[in-house]
Every structure is written in structure tokens, then in C-alpha cells.
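From a predicted model like this one, the values you see are computed outputs, not experimental measurements. So you know, we letter chains A, B, ... as the sequences are listed, proteins then strands, and number each from 1.
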Protein chains: 2
Amino acid sequence: MSQHRPTGPNGRSGGVPALPDLPEATVARLPEYLRALHHIAETGNDTISSEGLAAAAGVNSAKLRKDLSHLGSYGTRGVGYDVALLIDQIEFTLGLTQRRAVALVGVGNLGHALAGYAGFASRGFRIAALFDADQARVGEPINGLDVRHISELATVAAAESIAIGVIATPAAAAQDVADALVAAGVTSILNFAPCVLSVPEGVDVRKVDLAIELQILSFHEHRKSALTSLPGGLAEEAVGT
Amino acid sequence: MSQHRPTGPNGRSGGVPALPDLPEATVARLPEYLRALHHIAETGNDTISSEGLAAAAGVNSAKLRKDLSHLGSYGTRGVGYDVALLIDQIEFTLGLTQRRAVALVGVGNLGHALAGYAGFASRGFRIAALFDADQARVGEPINGLDVRHISELATVAAAESIAIGVIATPAAAAQDVADALVAAGVTSILNFAPCVLSVPEGVDVRKVDLAIELQILSFHEHRKSALTSLPGGLAEEAVGT
DNA sequence: CGCGATTTGTGCACGAGTTCACAAGCGCTT
DNA sequence: AAGCGCTTGTGAACTCGTGCACAAATCGCG
């Protein structure tokens, strides 16, 4: 992040795309494009226009073209994008050419569901191990995997070369689990616990808080109902001039 | 959104805060502040400085102050914010003074977990009804609630005055469910299915895609490992001049 | 072979959001 | 009562992201 790139502004002579330094907003949209592309590929289309792909991904077509231009020119003017090629490019950019191993910590209500979620496997990830602090849960088989005690985390993580951890524990335990994950060599964490994690530099944390999403919706609900019940929304011009 | 506010720039004489027109980014952070405040209140603190609250919420203190300033001046210079007062203010702004009823559609793997998630209840929401299209699941009791058939959605939504719907179905069914929710009067949707929903204007949709979060992390993993294995990261100055 | 239809890639302007830096205000102490 | 230290609230610069609009490029057809 804090180091210069000695390469030119737009690709290098070596032929390797090598770290095009994507905007974070673009990175966040690439998975959405990828999903849309897979869907399009299934319908038998070989090429897709930016307009079509943008519609399938729910974004503006100009934004989509700009996003894709950041990873190089893989479209053909007058034609569109080659679906298969674009899928390969995005998967490479996202580092999905290798199936990544994920450790899931916390096999409670939510963790149980995540362990059984087929969407992970189908999109490039393999849940390699399940952990829990509760001895009563250790040994329980879930989806073909036995729950292990959290104390085994370091050993298993090394053996399976796990770099991504998912925290699905109660908030009170989350920081300890995060520390354990980091100590075990995990450098990316997906946190479902409603709390802030502090991790050393170089470790990425993304947070998913289900209640927060609902609260944001609640705000908009609140605003909508306020609008319809306030004078401003109904009788604005009613006074007449 | 597209209408003028006849009020002055900063509050009205009526005494009601009434739609301060918050930036979306601020709205997304308010729930985080709220969670941090509840935590702080539990530890017995009556007031909290912007610095302290910012740390607890994982944000910059300047950003926090600007966010809070949007909902009015509820801090005391030289002292900080009154925790209880601030909680009330944020809860009011988010429309959490009334407990909102939520309909959950899709009682599969994930939906089952969501139905049992205590975090919803503790943060202002009540799961008022569960629905599924699978007749085999209808009638099954989950967490004190019987699963109902999706065809009952409109009736139940009206009876329970449900304005928020959660979609936890497979992607293939999500659009139909969304249509049904909208038809039943739902104006806010939280979508866990990996697909784009199209809804009429006035309906808010938020999306949570677990695989996308992992793919974003995968990108950063990919970049990190590329950095350490590429010459640029290690032997930059090794050639010497 | 040239022309027009089509679609990508991008320069540019605009808007939203973030961060800095500091004046204004509050309470405590002397 | 006056001064001092602390903290909020905010103006202003800056960064990041978005969207328009159009030139450049490609294909197909006559």
C-alpha cells in the first residue's frame, strides 16, 4: 500500500498483469460481475455487452466498463466482452484460481448454517476445518467435517494452509478468536460477531452484521412513513397561490 | 429524495428534528455507534468523548463528530456526549423506538439460523412470521413460530403490519419472493440470495452475499502473497546502483 | 474496399465522503 | 471572577468514486 510501483502507469513489458492496484470499490463489485457472468455463460451466450452485463449485475454500464478497464482491455469494440475470457480474468484477479481453505470458528446457530452453506464451495472456497470452544460440540460431525477444539487451531491451520478465517461466535469471544486466528497465521478474517476487532497491520477484516443491515432498513422505513404522514409530503401545494 | 425541504438549514422552530437528511454513509455507521454506546453504558459510563466512542466503534473521531453533528448537538464541549441521551437520539433517528416486525422467507439452512438469531430481538426487531414454499416445511415450529406457506404472506403481512422482509431462499426463487413481498406491502428487503432483485421505486433493498465477502478477502490474500513472492517486495534495492 | 452501425475505453466534470485544523464553548481550579 | 485545559462542532481542502459524453476501434454489409 505504501510503496511505489516501479512499473509504468499501464502494464509492464513482462506480460504479467501483476497488481494493477484496483480501487476498493471496484474490487467489491468484481464478485458481482463474476456471478452475473457465470449466469450468462449458463444461458449459452459467448459474448456480452457492457450494457447487458451491467443490467445483470445491477450497476451502471459506464461504471462497469471503467471497472473492467482497470484489469486490462478484454473487450472488443463493436462486439462486447468474451464471457469465458472475462470470467478467467476476474477469477485470476480475485485470486480464485486456487481453491482457498477457510477455517470456521463457532459452530452455534449461525456457524452451523455457514458450515452447510453450499455457496462457499461453489464459489471457490473450501471449508477446511470447524472449531468451537465448547467441548460438548467437539467431535460433532457437520457436513462431513468433525468439529475440533479451538486449541487445535494453530496446528490445523498450518497443515491445511488456511489463510482465511470466519468468526461466528458470540461477540464476547470474538476478539480472543481473532487473536488466535492471527497467531495461527490467518491474514484475512470475516467477522459475523457484532463487535469491533483489533488486529495487527497486514490482516484484513471484513464485517457482516445482520442486525446493522436491518437497522439501516429501519431508518429508511422511518423516513418513508414520516414523509407520508407529514404535511410536506402531501399538502405541499395545497395552499395554493 | 427529490423534494425540497421547506425548513431552514438546521432544525425547525417546531422543535421536532424531522428528517435531517442524513448522508447515507452516516446512516450506515449509526448502528455501529449505537452498539458501541450500549456496550459503554453497560460498563457504567455516563459520558463518553468522541475519541473514546470512535475507538469503540472503530472509526475516526472526526468522522464520528461530523456524523453526530448531523443529528443535532447532543454533546457538551469539554465533557463529551451523554451516553443515555445519545442512545435515545440514535434510536429515534433509526426509527427503533418502535419494535419493527420482520417477515423471514426461506427456512432452509441459512433461514433456520436467522430465525433463531437472538441478535435481531435484542436490537429492535421481532421476527413476526416465517414462510417457505416447501409444503413439507409448513407447520414446522422454529423458535416458537410455525412456518407458514408463502401463499399466506399477504394476509399475515397485513395482520402483523410487516414492512420489512428477509429473503433467505435459493437465488432462483428470490425474485418471485421479492415480488410477493412487495405485493404484500413490504417496502424494505434484506436479501441473502446471490442475485440482483428488481423492485419498484420506493422499495429499499440491501444485499448480503457471504461468498462475495470471502471473494473480496481472497483478492487481498492474492495481492498479499503476490507481493511477498514478487521481486518488487523483497529485492527492490538488491541490484544496487 | 469503404462505410455505417455498434460498442468499448476514457477524459472530464461533478458530487459525496473524509480528514485536518481550529475556533467556540464548557467546566474546573485558583 | 478570571484563566486554563479539554472537547465539541465545523469550515475548508482533499481524496475517492461516479456518470456523462465522445473518440477510437471493430465488425458486417454492400
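- Under a 3.5 Å cut-off, the side chain of A:H39 and the backbone N or O of A:R35 do not form any donor-acceptor pair.
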What's touching nucleotides 5-9 of chain D from the protein side, N or O pairs under 3.5 Å?
residue, atom, partner, partner atom, Å
D:dT7, O4', B:G78, N, 3.0
D:dT7, O2, B:G78, N, 3.4
D:dT8, OP1, B:S50, N, 2.4
D:dT8, OP2, B:S50, OG, 2.6
D:dT8, O2, B:R77, NH1, 3.1
D:dG9, OP1, B:G75, N, 3.1
D:dG9, OP2, B:Y81, OH, 2.6
D:dG9, O4', B:R77, NH2, 3.0
D:dG9, N7, B:R65, NE, 2.9
D:dG9, O6, B:R65, NH2, 3.2

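- The shortest heavy-atom contact between B:A163 and A:E221 is CB-OE1, 3.4 Å.
- Rounded to whole Å, atom C1' of D:dC16 lies 12 Å from atom CZ of A:R29.
- Looking at B:K66, its side chain comes within 3.5 Å of the base of C:dT19 through a donor and an acceptor atom.
- In this structure, the CG atom of A:D46 is 16 Å from the C1' atom of D:dC27, given to the nearest Å.
- For the pair A:S49 (side chain) and A:G52 (backbone), a donor-acceptor distance under 3.5 Å is present.
- In this structure, A:L64 places its CG atom 14 Å from P of D:dC20, rounding to the nearest Å.
- Nucleotides of DNA chain D nearest to B:A62 and A:A25 differ in position, and the one nearer the 5' end is that of B:A62.
- What separates CG of B:D82 from P of C:dC26 is a distance of 15 Å, to the nearest Å.
- One finds no salt bridge joining B:R223 and A:D204 here, because no Lys/Arg side-chain nitrogen approaches an Asp/Glu carboxylate oxygen to under 4.0 Å.
- The nearest pair of heavy atoms linking A:P31 to B:I212 is CB-CG1, 3.7 Å.
- A salt bridge is defined here as a Lys NZ or Arg NE, NH1 or NH2 lying under 4.0 Å from an Asp or Glu carboxylate O, and A:E32 with B:K207 meets this definition.
- In this structure, B:K63 places its NZ atom 17 Å from P of C:dA21, rounding to the nearest Å.
- For the pair A:L53 CG and C:dT7 P, the computed distance is 14 Å after rounding to whole Å.
- Per the geometry, NE2 belonging to A:H70 stands 11 Å off C1' belonging to D:dC16, to the nearest Å.
- Between the CD atom of B:E24 and the P atom of D:dG17 there is a distance of 17 Å, rounded to whole Å.
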